[in-house]
There are 2 protein chains.
Amino acid sequence: MQPTTGAPSPSATRRPTVKDVARVAGVGVGTVSRVLNAEGKVSADSRSRVTAAIDELGYVRDTAARELRRGASASVGLLVEDVADPFYSQLHRAVESALDRHDLTVLAASSGGSSSQVRRIVDGLAARRVEGLVVTMPMDADESRLASMQRDGVHVVFVDRPALTFEADSVLTDSRRGARMGIEHLLARGHRRIAVLLDDARNFTSGERLAGVLDAIDAAGLARDAVEVSQAAPDVEAVAARLASLLAGEEPPTAIFSGNNRTTVATLRATRALGVRLDVVGFDDLELADLLDPPLTVVAQDASAIGAIASQLLVDRLDGHDGPARRRLVDPVLIVRAP
Amino acid sequence: MQPTTGAPSPSATRRPTVKDVARVAGVGVGTVSRVLNAEGKVSADSRSRVTAAIDELGYVRDTAARELRRGASASVGLLVEDVADPFYSQLHRAVESALDRHDLTVLAASSGGSSSQVRRIVDGLAARRVEGLVVTMPMDADESRLASMQRDGVHVVFVDRPALTFEADSVLTDSRRGARMGIEHLLARGHRRIAVLLDDARNFTSGERLAGVLDAIDAAGLARDAVEVSQAAPDVEAVAARLASLLAGEEPPTAIFSGNNRTTVATLRATRALGVRLDVVGFDDLELADLLDPPLTVVAQDASAIGAIASQLLVDRLDGHDGPARRRLVDPVLIVRAP
DNA sequence: GCGGGAGGTGGAATCGATTCCACCTCGGAC
DNA sequence: GTCCGAGGTGGAATCGATTCCACCTCCCGC
């Protein structure tokens with residue numbers, strides 16, 4: 001009954017396309033496209049009529065159609081373990097603001113450390129034809145998909161750990177150096193029995209940090225048993241148990257070097273619960289660390305710098321840079337908060 | 001010279017399309033599509049040949065083409081002030097994991113509180129044809145674009161503050177109640193001179209929290225001058241100056257209620273610097289609050305719950321729910337950490 | 001006067017997945 | 001034997017922006 005030409009309800013109006021814009025502006029679609037993309041020659045007259053038509057119709061160009069035709073998407077994927085983790089969320093922000101300047105959209109996703117999630121996310125990003133990828137991967141995740149995307153022209157930058165099975169740019173905190181700085185600080189304060197609590201040994205950074213700890217000990221000409229190293233997942237109860245047993249030992253440590261954020265927090269809670277006051281140096285800064293009693297000295301990583309540098313490497317590649325894989329080390333900073 | 005039929009280099013091989021899959025599987029493209037989308041009738045035989053062909057070719061379906069044809073994108077936008085802010089990053093994570101279960105991709109972006117960025121981001125999300133939007137906006141940002149997207153069938157959920165100029169679902173912490181709880185806690189501890197440091201008065205939550213503060217005072221039958229309220233941007237120096245002047249006054253406050261995260265941190269630093277010990281209650285929890293001296297009592301917001309509920313409201317709408325705008329209040333929790 | 005380059009322009013073909021319609025083949029009901 | 005519906009299937013048309021080619025008009029140089 002309702003004739004198809006009847007006045008459509010406002011919400012039913014099809015959204016305008018380039019064709020509509022062309023019609024209203026009295027030009028061809030080619031000209032509209034040239035205006036939209038600010039390329040090719042367009043007379044000032046045509047240009048102004050097109051922009052007027054765009055405003056009049058409230059035209060927004062459809063990203064899907066553009067991407068389909070272009071075969072690429074003006075976006076880059078950011079794969080992290082958890083977007084809510086302060087380290088990664090700062091990284092995210094830095095990447096976002098660096099790439100925003102190049103009109104690239106960031107598609108961020110959390111893997112939760114699960115390899116199957118990693119696969120799903122990477123496939124999804126490939127399906128979206130991202131132009132680049134900034135990734136942190138669990139150690140056991142399969143990198144082959146990333147390698148094949150790289151061969152297909154997608155620029156890949158690893159952060160927090162390097163690629164293991166193929167050549168790719170990477171940006172890492174110099175963990176080894178940071179750990180060394182932390183231990184040297186404790187040694188300088190006179191400690192000779194230091195408990196070192198590191199992350200799971202399968203973790204790349206954990207190995208680096210262990211090496212840095214040993215560097216410090218060796219450089220000081222001390223015996224390796226000046227440090228008591230544990231490598232385990234940063235679990236609150238496990239850390240507490242470990243600390244309790246260390247402190248109950250014959251030669252209890254007088255200081256603790258904690259290899260990551262969560263272990264540091266667990267350590268602080270545990271020492272508080274045990275009623276002991278020990279010098280603690282943690283890897284990764286914590287908000288309020290300066291207000292603790294005793295204040296917490298840390299080796300701080302600069303997540304924003306890592307994100308900015310990773311973005312820069314990516315943008316270089318997108319701009320045509322075609323050298324071998326680069327590795328950038330970002331210096332950690334020792335923030336001494338002595339009591 | 002090089003014949004066009006010559007063996008292409010591996011990286012030059014065009015990526016396979018449904019057509020290729022169809023050819024290899026010996027079926028039509030319609031059948032391939034039916035398999036990919038698990039809809040319509042397909043014989044077991046065809047199905048297995050299609051999946052085999054997909055594996056063999058390493059086919060991944062192109063999202064842009066799919067979205068173009070479908071006219072929608074199986075994704076929702078998340079617009080926050082800053083993805084690196086702990087509150088928003090937790091919200092982000094919660095939204096991400098809730099929507100992941102419905103095969104929706106989250107496109108997150110930070111506005112940095114700038115209205116022009118808000119406009120850019122919203123336009124970008126509209127161009128991507130998101131099916132829904134979870135947004136926090138600066139108070140002065142223009143909502144009309146969101147309203148028109150809503151008319152076009154995009155489901156919009158506000159978080160942290162309600163929509164002001166149109167009807168939309170929203171999920172908010174019950175700030176008023178939270179502030180009241182915080183003040184009542186301080187009153188119960190005997191305080192009768194409380195400094196209240198709130199965010200900028202233009203901020204929606206700031207007004208709510210002020211109301212909650214007054215609720216508590218009124219309910220206790222006290223005179224309003226039991227509280228000394230300031231509303232200002234959470235700037236470290238400003239807070240320090242304000243506190244110094246309050247403490248130098250005739251009847252200095254014996255406790256402080258701080259209306260947000262950053263003000264709380266500024267307050268703690270300032271009291272530490274001034275060498276005074278005051279009871280402090282803060283709105284928003286902080287990671288190490290329990291390890292401070294004195295420990296910090298807080299009114300905690302549940303960012304994850306807010307994200308989960310917002311996602312739920314969105315999913316309902318996507319599933320066809322079509323009622324009036326809903327407002328969900330999430331209860332804050334008073335976490336008492338008495339010395 | 002003519003050739004040719006620069007400045008502009010229109011529009012058909014294209015990207016790849018989905019959708020819809022036409023159509024095929026059985027098997028069973030009558 | 002015929003009809004019908006259910007189970008399946010192929011493939012052309014479609015979504016909307018970009019791209020490329022053909023073509024048009026000046027204007028300059030010789």
Students often get this wrong, so: under 4.0 angstrom with heavy atoms, is A:Gly71 touching a base, only sugar-phosphate, or nothing? nothing

State whether A:Arg61 places a side-chain N or O below 4.0 Å from either non-bridging phosphate oxygen (OP1 or OP2) of D:dA17. no

Any side-chain N or O of B:Asn37 less than 4.0 Å from the OP1 or OP2 oxygen of C:dT18? yes

Are OP1 or OP2 of C:dG16 and a side-chain N or O of B:Tyr59 less than 4.0 angstrom apart? no

Would you mind classifying the nucleic acid contact of B:Val32 as base, sugar-phosphate or nothing, using non-hydrogen atoms under 4.0 angstrom? nothing

Take the protein atom CZ of A:Arg14 and the nucleotide atom P of D:dT14, then report the distance between them rounded to whole Å. 14 Å

Can you find an N or O donor on one side and an acceptor on the other, under 3.5 Å apart, linking the side chain of A:Arg69 with the base of C:dT14? yes

Looking at B:Arg15 and C:dG16, is any side-chain donor or acceptor paired with a base atom of the opposite kind under 3.5 Å? no

Rounded to whole Å, how long is the line connecting atom CG of B:Asp20 with atom C1' of C:dA17? 13 Å

Touch check for A:Thr63, heavy atoms < 4.0 angstrom, all strands: base, sugar-phosphate only, or nothing? nothing

Measure from CD on B:Glu67 to C1' on C:dG16 and round the result to the nearest Å. 13 Å

B:Arg129 vs B:Gly28, nearer the 5' end of DNA chain D by closest nucleotide: B:Gly28

Parallel, tilted or perpendicular, judged at 30° and 60°: which one describes the rings of A:Phe158 and A:Phe166? perpendicular

Answer with base, sugar-phosphate or nothing: what part of the nucleic acid does B:Ser33 contact at a heavy-atom distance below 4.0 Å? base

What's the CG-P distance between B:Asp62 and D:dG16, to the nearest Å? 17 Å

Rounded distance (Å) that lies between atom P of C:dG10 and atom CZ of A:Arg49: 9 Å

Measure CZ/A:Arg128 against C1'/C:dG16 and give the value in whole Å, please. 15 Å

Between atom CE of A:Met149 and atom CD of A:Glu143, what is the distance when rounded to the nearest 0.5 Å? 13.5 Å

Please tell me which of the listed nucleotides, D:dT9, D:dG11, D:dT19, lies nearest to the side chain of A:Arg70? D:dT19

With a 4.0 Å cut-off on N to O distance, would you call B:Arg317 and B:Asp169 a salt bridge? yes

NZ of B:Lys19 versus P of D:dG10: gap in Å, rounded? 15 Å

Minimum-distance nucleotide (side-chain atoms of B:Val29 versus D:dA17, C:dT18, D:dT9): C:dT18

Under a 3.5 Å cutoff, is there a donor and acceptor pairing between the side chains of A:Ser144 and A:Asp142? yes

Answer yes when A:Arg49 and A:Asp45 have at least one side-chain N-carboxylate O distance shorter than 4.0 Å, and no when they do not. yes

Of B:Glu39 and B:Leu68, the one whose closest nucleotide on DNA chain C sits nearer the 5' end is B:Leu68

Would you state whether a donor and an acceptor, one from the side chain of A:Arg34 and one from the base of C:dG10, lie under 3.5 Å apart? yes

OP1 or OP2 of D:dG8 sitting under 4.0 Å from any side-chain N/O of B:Ser43? no

Starting at atom CZ of A:Arg23, determine the distance to atom P of D:dA17, rounded to an integer number of angstrom. 13 Å

Expected output: side-chain B:Glu96 to main-chain A:Ser110 donor-acceptor under 3.5 Å: yes

